[in-house]
Asks: 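The following block contains the structure, expressed as structure tokens.
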Amino acid sequence: MATFNIIQALNDAHKIAMRADEDVVVFGEDIGYFGGVFRVTEGLQREFGKTRVFDAPISEGGIVAAAVGMAAYGLKPVIEIQFADYIYPGYDQIVGEVAKIRYRTAGEWTMPMVIRTPYGGGIFGGQTHSQSPESLFTHIAGLKVVIPSTPYDAKGLLIAAIEDPDPVIFFEPKRIYNGPFDGHHDKPVKPWSKHPASEVPEGHYTVPIGKAAVVREGPDLTILTYGTMVHVALAAVEEQGLDAEVIDLRTLVPLDLETIEESVKKTGRCLVVHEAPRTSGFGAELVALVQERCFYHLEAPVERVTGWDTPYPHAYEWAYFPGPKRMKKALEKVTAD
Amino acid sequence: MATFNIIQALNDAHKIAMRADEDVVVFGEDIGYFGGVFRVTEGLQREFGKTRVFDAPISEGGIVAAAVGMAAYGLKPVIEIQFADYIYPGYDQIVGEVAKIRYRTAGEWTMPMVIRTPYGGGIFGGQTHSQSPESLFTHIAGLKVVIPSTPYDAKGLLIAAIEDPDPVIFFEPKRIYNGPFDGHHDKPVKPWSKHPASEVPEGHYTVPIGKAAVVREGPDLTILTYGTMVHVALAAVEEQGLDAEVIDLRTLVPLDLETIEESVKKTGRCLVVHEAPRTSGFGAELVALVQERCFYHLEAPVERVTGWDTPYPHAYEWAYFPGPKRMKKALEKVTAD
Amino acid sequence: MSDKDPDLRRNAPKLELHVPEPAFRPGDTPDFSSLTIPGAGEAPRPDTSAPAADTHSLTTALVRVLGDDDRAVGAWDPKLDPDTLRKMLRDMVTVRVFDDRMYRAQRQGKTSFYMKCTGEEAIAVAAAAALTQDDMHFPTYRQQGLLIARGYPLTEMMCQIYSNKGDKLRGRQLPIMYSDKRHGFFSISGNLGTQFPQAVGWAMASAIKGDSRIAMGWIGDGATAEGDFHAGMTFAAVYNAPVILATVNNQWAISSFSGIAGAERATFAQRAVGYGIAGLRVDGNDALAVYAAVKWAAERARSNGGPTLIEFFTYRAEGHSTSDDPSGYRPASEAKAWPLGDPIERLKSHLVALGEWGEERHASMTAECDSAVRDAQKQAEKLGILPEQGKDDIGSMFEDVYADVPWHLAEQRDQAVSEGGE
Amino acid sequence: MSDKDPDLRRNAPKLELHVPEPAFRPGDTPDFSSLTIPGAGEAPRPDTSAPAADTHSLTTALVRVLGDDDRAVGAWDPKLDPDTLRKMLRDMVTVRVFDDRMYRAQRQGKTSFYMKCTGEEAIAVAAAAALTQDDMHFPTYRQQGLLIARGYPLTEMMCQIYSNKGDKLRGRQLPIMYSDKRHGFFSISGNLGTQFPQAVGWAMASAIKGDSRIAMGWIGDGATAEGDFHAGMTFAAVYNAPVILATVNNQWAISSFSGIAGAERATFAQRAVGYGIAGLRVDGNDALAVYAAVKWAAERARSNGGPTLIEFFTYRAEGHSTSDDPSGYRPASEAKAWPLGDPIERLKSHLVALGEWGEERHASMTAECDSAVRDAQKQAEKLGILPEQGKDDIGSMFEDVYADVPWHLAEQRDQAVSEGGE
Ligand SMILES: Cc1ncc(C[n+]2csc(CCOP(=O)(O)OP(=O)(O)O)c2C)c(N)n1
Ligand SMILES: Cc1ncc(C[n+]2csc(CCOP(=O)(O)OP(=O)(O)O)c2C)c(N)n1
Ligand SMILES: [Mg+2]
Ligand SMILES: [Mg+2]
């Protein structure tokens with residue numbers, strides 16, 4: 001089995017999906033000849049030609065709109081928004097069109113497409129290269145929202161997303177493209193090759209959309225998280241010597257509430273972790289659901305560890321990023337008495 | 001004291017603010033000569049002239065961007081987005097610019113402006129004239145989010161918003177522009193004149209941003225809501241014969257958590273009500289906060305009554321709208337045992 | 001803002017904001033005599049394979065075929081046979097009759113909303129005639145003529161308007177937001193402009209697949225100000241997409257006249273110049289000119305000649321929608337004063353001038369259209385009107401959000417069904 | 001998609017998607033001999049009060065003043081005195097030296113990011129010279145020349161780049177995202193295009209207030225594809241805003257050449273035609289041409305003549321940013337082959353040709369600029385480099401989100417401060 005980082009895994013997923021289905025087309029800013037600023041689409045134009053893999057004008061609205069037209073024709077567009085921070089010019093087309101066309105046409109037209117976009121901080125990108133806007137999409141009925149945290153999942157989820165009949169917003173945690181990240185920014189970066197989930201099978205496989213992964217089992221508390229923060233949470237738990245259950249949601253919509261409920265009912269304690277700002281972040285929804293469903297099992301309030309309610313400040317990257325110290329305090333709080 | 005409906009109250013607020021401050025300018029689609037599709041800006045162009053009150057091209061992005069430039073110059077733009085459903089083409093400018101400019105310039109440039117927009121359903125407007133997108137703004141640090149529910153508050157909050165040094169997204173519950181609405185769509189519409197809060201003082205006054213109103217006191221449970229749903233909740237409580245505390249949030253960001261906490265600690269039960277879809281709606285944040293702060297006082301899970309996680313369906317308006325029946329069930333649930 | 005340069009400033013006049021204002025407001029007597037209307041037949045017709053630049057003089061001209069003497073003249077005369085002309089006339093009359101009936105239905109409380117296209121009937125009807133059935137339209141809400149001309153059943157349109165049991169959109173859309181794949185009519189969006197770049201995407205897909213079908217995207221004069229207009233133009237130009245991009249300039253966008261979208265300084269057709277694509281400005285009240293222009297652009301697109309922007313110059317003769325009363329912002333008599341006449345009258349007179357039509361035939365055809373519309377309405381109303389809807393099949397509300405109903409929507413469905421719909 | 005029309009289809013060729021491709025890719029030998037470069041002095045200069053249409057032939061021309069013989073020629077010669085020319089030259093050299101030092105600082109790990117404007121120095125520097133100090137710029141990230149020409153302290157720029165204690169933006173912005181109100185330089189956004197319509201809004205405000213200050217909005221060739229470009233053009237045209245709208249066409253947008261933004265079919269200046277505003281296409285490597293064009297547009301705007309779109313035709317001689325390696329998508333030798341030369345060399349040669357400059361003076365001036373930059377860097381680094389930042393004054397992170405710190409941010413601040421910043 002090959003050892004892939006997330007970029008390679010995503011690249012491989014594209015190739016497999018494109019070989020299997022001639023209707024898959026890929027476009028976005030700088031994704032053609034150059035292979036994308038993060039190299040995810042490297043080599044695709046060479047293999048599949050310019051009519052299936054091509055550069056797009058710097059118009060996220062136009063990119064999404066063109067994808068809508070193509071999906072209406074019968075193609076399956078897989079488009080890249082260069083950074084999640086730049087998705088907003090396409091927001092009207094995503095919210096009003098991509099998400100609603102199946103519904104408003106009672107299924108006459110469908111919008112199978114994948115909107116891939118790197119998100120999250122930890123790369124000193126400042127406020128327009130670090131955002132985590134997932135909750136702005138989880139609120140929109142008609143969209144599926146997927147976030148992988150390992151090479152294995154990245155490939156399997158991207159193939160699943162391309163094959164999915166519904167539009168999928170596919171957020172890629174760019175901080176861990178090249179290696180997992182435990183939140184200790186001052187320690188050397190680990191490569192993926194040391195991580196078991198970098199073993200990526202050749203060929204076609206899928207990781208089902210809508211299924212969470214229990215990445216660590218334990219009775220002490222349940223941690224709900226996704227993307228980069230899965231690795232930070234796992235490290236924090238180890239450092240704290242806690243026997244926690246860590247759930248990598250992988251899909252935010254539709255959410256695998258069953259797995260969550262089961263775990264929280266077992267542990268009685270829950271911590272929600274994400275990088276996005278706290279207020280109206282996806283964590284709020286998770287907290288609301290957990291307390292609605294597991295109220296009588298909860299031994300302490302569900303806590304949230306999140307980014308602050310400020311823009312992402314360039315120099316204060318590590319004071320913003322919900323790292324080990326913040327994790328530690330929250331873990332103490334949730335597990336207290 | 002004059003008896004105003006919400007439209008008249010908002011119109012009056014514009015006039016008072018514009019008379020007091022020459023730097024206030026008003027523009028938007030159809031708001032000039034015609035006075036706006038909901039008549040909120042009626043007569044303003046006549047009184048203040050075309051250079052302070054004018055029609056804009058149908059470009060919500062351009063409208064917001066122009067307001068940014070004007071605010072940078074030193075003006076105070078009050079702009080209208082014709083329906084909240086049409087705010088998305090301006091979303092990039094709002095999220096990336098309006099919300100962040102004070103922060104990214106460390107206060108060198110500020111963005112005092114009001115973005116007014118009618119929201120909500122109950123008028124058979126279908127999916128693009130009925131949306132309640134408030135949580136897409138409460139997630140964005142740097143924005144204040146205000147929603148009045150009466151003529152008195154509408155005037156006082158709009159004046160406060162115009163005078164505020166920060167950008168305010170001002171959502172207007174269009175279903176109750178002309179009269180309060182108890183959710184019984186099959187009963188005749190009541191005019192505002194029967195409602196005490198239609199008594200609107202002449203001249204200048206403000207309702208503070210960031211302060212909720214306890215519109216009904218009671219020990220049985222706390223209802224957190226805003227906009228149109230304040231009236232539906234009040235009616236439901238009466239119909240149910242419950243002695244509930246109903247809090248009209250009025251401002252979602254910054255939230256008056258103090259008032260909420262005090263009430264929930266007293267009642268031990270809480271119901272959150274809004275028209276927006278449930279998943280990642282602002283209700284999620286309210287539930288999360290309440291359980292974080294009042295966990296040990298809660299006798300039952302905090303419940304949510306919300307719109308469904310679907311687009312707003314034209315013919316199924318009243319099956320979508322969280323009306324009396326849904327309120328009743330939820331009230332029963334929250335107050336059970 | 002310190003050191004202003006006094007030298008420069010001394011002679012600088014005060015800057016002034018220009019706010020465009022229409023020529024006439026309520027109370028004024030509209031007079032369009034200063035509007036230059038080029039004569040029929042004057043505009044040259046470049047070859048469909050001509051460089052885009054060769055069309056650019058046409059972006060400030062006006063392609064017109066039907067002259068004041070009701071004859072078809074000039075290079076753009078499509079030389080249609082009388083049957084085709086009569087079919088177009090009948091379709092246009094049907095559209096007008098349909099609009100009248102449905103407007104009235106809304107006023108009678110049978111539905112929530114309606115939008116007429118009075119005065120603009122030639123545009124959609126002739127465009128439909130000039131394309132083939134399987135070319136794809138991405139319309140706005142004022143191209144009901146496309147559906148009617150393509151033979152979409154009137155009853156189906158009405159069922160959509162009533163959101164009733166016969167509504168294939170299952171009551172989900174605002175009236176007139178039709179969708180029909182079989183008739184090449186993409187789902188209308190309430191968000192202005194979105195369909196314009198979508199049409200380009202569809203055309204790109206057709207080109208990617210080596211198909212021969214082309215797309216036509218529609219937009220109003222007011223909505224050209226949206227970013228989507230620019231996205232459509234840019235993508236069409238960059239990829240040489242086989243698409244016809246139509247701007248229907250009916251002079252008004254609700255209460256705002258076309259000057260608020262930029263028409264004081266340039267025609268909408270002129271936008272083509274800046275993108276280096278073909279552009280035509282066409283008398284939208286002249287069915288033959290519309291037909292000829294669309295046919296030209298279609299031939300061009302179909303032979304990989306790329307996109308054409310067409311401005312249809314016309315006038316919105318009635319209110320914006322049933323929610324609008326135009327007497328609040330323009331003279332009531334403006335529609336009558338509009339110099340390009342009524343498209344139905346013009347085509348009718350042309351057929352009469354050809355000796356292929358007469359008052360009597362016209363009256364009986366109109367009566368036929370009227371009874372077809374009435375019949376359709378009866379059929380549709382049997383399936384229900386809006387006020388009766390939204391009570392049954394509550395569960396359907398949760399379908400088609402996704403291909404399958406996920407657990408959270410299934411839960412919400414159960415709750416909604418148990419509530420019985422309020 | 002049923003009934004395809006067989007008649008029409010029979011002869012229809014397969015549709016094809018055109019995907020623009022630059023002339024040269026890595027491995028190719030760039031050769032721009034087929035690029036027509038009009039001679040200096042050829043372009044006519046309309047009066048600043050001329051109708052917009054009179055400028056439209058200039059949207060496909062190229063305003064050039066400095067000829068191959070290093071003389072200033074033609075109607076656009078701004079006839080600047082040697083001191084002004086020398087000031088511009090010095091500013092341009094400072095920009096280049098500054099870019100080199102800061103690029104190196106990034107490579108040395110002193111900061112996270114940097115962007116050069118090599119080859120484009122004339123544009124910002126001459127534009128600054130042509131406007132007055134209190135006119136307002138809404139720049140992109142490649143107009144550092146504006147700040148330098150306007151005398152903004154180099155140390156302040158560097159402190160921003162290091163996000164250090166001297167950074168007036170308090171470490172909040174990516175390096176080079178400067179902001180300075182006193183120097184009429186609006187906060188740079190990471191979101192492309194946003195500043196373009198903002199400039200129009202500022203100009204509208206100036207007009208609303210009867211001020212005499214004008215605005216200049218900047219955008220790159222690639223970013224013209226954004227909806228914001230169209231919004232800026234539309235609002236400028238509709239309200240006749242006193243604004244100069246500049247498109248810096250440096251041929252590249254990261255790895256995408258200008259054809260992906262539409263340049264195969266039209267110039268960026270030609271966009272002006274479609275909006276009916278003045279348009280000029282200018283040799284961006286010719287400081288005198290840039291100066292003259294901006295001066296022209298400024299005079300026009302200041303006398304209520306409205307907006308001008310200017311395309312500065314230039315070449316991005318280095319990588320997009322420190323995150324980019326252009327050898328992956330274009331020949332390394334392309335910059336050298338670019339026919340419009342180096343703007344610094346050209347202005348220098350002109351001054352030499354005038355007898356107002358010489359190699360020695362140039363060398364010593366360059367040395368002065370170099371040591372000024374070095375001094376500034378020393379000063380700035382005393383206040384810290386990026387890797388040392390973000391540890392003190394954690395609480396500051398919660399300020400300026402709003403005018404006052406609301407309770408939830410105060411709570412978060414307390415928590416962050418107690419965590420000590422990780
Ligand atoms: C994004 C968006 N903004 C605003 C509206 C509200 N609106 C509906 S129709 C209309 C006027 C459109 O005018 P035009 O494009 O000229 O088309 P016409 O109605 O004349 O056919 C407006 C402003 C909308 N539907 N969508
Ligand atoms: C909205 C948005 N989309 C994408 C990007 C990523 N991006 C940054 S610079 C750039 C290229 C811009 O090219 P151009 O406008 O030609 O300016 P230049 O860099 O050549 O000066 C891109 C795609 C962005 N910053 N913002
Ligand atoms: Mg119109
Ligand atoms: Mg560029």
Side-chain angles (χ1 to χ4, degrees), chain B residues 22-23 25 27 49-52 54-75 77 89-90 92-93 95-110 112 141-144 164-167 209-210 251 253-258 289, chain D residues 136 138 167-174 177 179-182 186-191 193-211 213 215 217 226-228 230-235 237-239 241 243 396-397 399-404 406-409 411:
Chain B
E22 283 214 326
D23 289 338
V25 294
F27 59 105
K50 284 206 303 175
T51 47
R52 287 183 67 197
F54 50 87
D55 287 339
I58 303 175
S59 165
E60 292 75 13
I63 291 169
V64 177
V68 169
M70 291 180 193
Y73 180 94
L75 301 187
D92 184 52
Q93 286 279 346
V95 171
E97 304 297 302
V98 174
K100 295 188 175 59
I101 283 171
R102 178 190 286 274
Y103 192 73
R104 76 181 197 224
T105 68
E108 180 173 60
W109 262 287
T110 63
L143 303 177
K144 293 181 176 171
D164 198 273
D166 293 309
I209 290 175
T251 300
V253 178
L255 185 68
D256 183 357
L257 189 57
E258 211 177 307
L289 287 170
Chain D
M136 181 71 187
F138 286 77
D167 174 16
K168 58 180 279 210
L169 306 185
R170 307 181 82 180
R172 301 214 182 107
Q173 275 278 53
L174 201 65
M177 301 274 170
S179 169
D180 196 65
K181 200 175 208 167
R182 273 191 0 101
F186 190 67
S187 161
I188 296 173
S189 175
N191 293 46
T194 50
Q195 70 288 344
F196 204 67
Q198 289 167 0
V200 178
W202 195 97
M204 288 170 68
S206 190
I208 287 169
K209 288 309 214 181
D211 196 344
R213 294 175 292 157
E226 289 287 4
D228 277 329
H230 179 53
M233 293 295 284
T234 302
F235 279 65
V238 167
Y239 302 109
V243 67
S396 75
M397 198 167 66
E399 289 165 30
D400 305 321
V401 181
Y402 300 94
D404 300 313
W407 69 265
H408 65 291
L409 285 172
E411 266 191 24

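Throughout, a chain's letter reflects where its sequence line sits, starting with A, and its residues are numbered from 1.
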Asks: Among D/Gln195, D/Met177, D/Lys209, which has the most heavy-atom pairs under 4.5 Å with chain B?
Replies: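 Of the options given, most contacts go to D/Lys209.
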Asks: Is any side-chain heavy atom of D/Phe235 less than 4.5 Å from a side-chain heavy atom of B/Ile63?
Replies: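 Result yes, sub-4.5 Å side-chain heavy-atom pair found.
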Asks: Can you name the nearest heavy-atom pair linking B/Trp109 to D/Ser179, along with the distance?
Replies: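 Distance-wise, the nearest heavy atoms are CZ3-OG, 3.1 Å.
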Asks: By a 4.5 Å heavy-atom criterion (distance strictly below it), what part of B/Gln93 contacts chain D: side chain, backbone, both, or neither?
Replies: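 Just its side chain gets close to chain D.
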Asks: Heavy-atom distances under 4.5 Å only: say whether B/Ala67 touches chain D with side chain, backbone, both or neither.
Replies: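 Neither part, no heavy atoms under 4.5 Å.
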Asks: Might you point out which heavy atoms bring D/Ala231 and B/Gly62 nearest each other, and give the distance in Å?
Replies: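 Of all heavy-atom pairs spanning D/Ala231 and B/Gly62, the closest is CB-CA, 3.7 Å.
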Asks: Against chain B, label D/Ala199 side chain, backbone, both or neither, depending on which of its atoms sit under 4.5 Å from a heavy atom there.
Replies: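 Contact with chain B involves no heavy atom of D/Ala199 at all.
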Asks: Please report the shortest heavy-atom distance between D/Ser187 and B/Thr105, naming the atom on each side.
Replies: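 D/Ser187 and B/Thr105 have their closest heavy atoms at CB-CG2, 3.2 Å.
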Asks: Heavy-atom pairs under 4.5 Å with chain D: which of B/Gly74, B/Ala72, B/Pro77, B/Pro167 has the most?
Replies: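 When all of B/Gly74, B/Ala72, B/Pro77, B/Pro167 are compared, B/Ala72 has the most.
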Asks: Kindly give the heavy-atom pair with the smallest separation between D/Ile188 and B/Arg104, and that separation in Å.
Replies: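 Here D/Ile188 and B/Arg104 meet closest at O-NE, 3.6 Å.
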Asks: Could you tell me which portion of D/Val200 (side chain, backbone, both or neither) has an atom closer than 4.5 angstrom to a non-hydrogen atom of chain B?
Replies: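 Looking at D/Val200, nothing touches chain B.
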Asks: Out of B/Gly49, B/Pro57, B/Ala56, which one racks up the most heavy-atom pairs below 4.5 Å with chain D?
Replies: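 Highest number of heavy-atom pairs under 4.5 Å: B/Pro57.
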Asks: Is it the backbone or the side chain of D/Tyr239 that comes under 4.5 Å from a heavy atom of chain B, or both, or neither?
Replies: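 The answer is the side chain of D/Tyr239.
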Asks: Restricting to salt bridge (charged side-chain N to carboxylate O under 4.0 Å, His left out), what partner residues turn up for B/Lys50, sequence neighbours left out?
Replies: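 So B/Lys50 forms a salt bridge (charged side-chain N to carboxylate O under 4.0 Å, His left out) with C/Glu21.
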Asks: How close do D/Tyr402 and B/Leu143 get, counting heavy atoms only, and between which atoms?
Replies: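 Smallest interatomic distance, heavy atoms only, reads OH-O, 2.7 Å.
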Asks: Of the backbone (N, CA, C, O) and the side chain (C-beta and beyond), which part of B/Val253 lies under 4.5 Å from a heavy atom of chain D, both, or neither?
Replies: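 Contact with chain D involves the side chain of B/Val253 alone.
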Asks: Given that the side chain runs from C-beta out, which part of D/Glu411 has a heavy atom under 4.5 Å from chain B: side chain, backbone, both or neither?
Replies: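 The side chain, not the backbone.
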Asks: So for D/Leu409, is it side chain, backbone, both, or neither that comes closer than 4.5 Å to the heavy atoms of chain B?
Replies: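 Neither part.
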Asks: Starting from the C-alpha separation in whole Å, work towards a yes-or-no answer on side chain to side chain contact (heavy atoms under 4.5 Å, CB included) for D/Met397 and B/Tyr103.
Replies: CA-CA 9 Å; D/Met397 198 167 66; B/Tyr103 192 73; 3.6 Å; yes
Asks: Mind ranking D/Ala241, D/Pro406, D/Gly171, D/Ser189 by heavy-atom pairs under 4.5 Å with chain B and telling me who comes out on top?
Replies: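 Top option by heavy-atom pairs under 4.5 Å: D/Ser189.
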Asks: Among B/Lys144, B/Glu258, B/Arg52, B/Lys100, single out the residue with the greatest number of heavy-atom pairs under 4.5 Å to chain D.
Replies: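 Max contact count across the listed options: B/Lys144.
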Asks: Looking only at heavy atoms and a cut-off of under 4.5 Å, which of D/Ile208, D/Thr194, D/Asn191, D/Leu169 has the most pairs with chain B?
Replies: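 Looking at each of D/Ile208, D/Thr194, D/Asn191, D/Leu169 in turn, D/Thr194 comes out on top.
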Asks: So what's closer than 4.5 Å to chain D heavy atoms on B/Leu257: side chain, backbone, both or neither?
Replies: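 For B/Leu257, backbone and side chain are both near chain D.
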Asks: Heavy-atom cut-off 4.5 Å, strictly under: side chain, backbone, both or neither for D/Asp180 against chain B?
Replies: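 For D/Asp180, backbone and side chain are both near chain B.
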Asks: Report the distance from atom CE of D/Met136 to atom OH of B/Tyr73, rounding to the nearest 0.5 Å.
Replies: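 Rounded to the nearest 0.5 Å, the CE-OH separation comes out at 11.5 Å.
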Asks: Under the salt bridge (charged side-chain N to carboxylate O under 4.0 Å, His left out) test, which residues partner D/Arg172, sequence neighbours left out?
Replies: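 For D/Arg172, the residues satisfying salt bridge (charged side-chain N to carboxylate O under 4.0 Å, His left out) (neighbours in sequence not counted) are D/Asp400.
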Asks: Can you check whether D/Met204 reaches B/Phe27 side chain to side chain, under 4.5 Å on heavy atoms?
Replies: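 When only atoms from C-beta onward are counted, B/Phe27 and D/Met204 do not touch, as no gap falls below 4.5 Å.
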Asks: Considering only heavy atoms, which portion of B/Thr110 lies under 4.5 Å from any heavy atom of chain D: side chain, backbone, both, or neither?
Replies: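 Contact with chain D involves no heavy atom of B/Thr110 at all.
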Asks: Could you measure the distance from the CG atom of D/Asp404 to the CG atom of B/Asp164? Nearest 0.5 Å is fine.
Replies: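 CG of B/Asp164 is found 8.5 Å from CG of D/Asp404.
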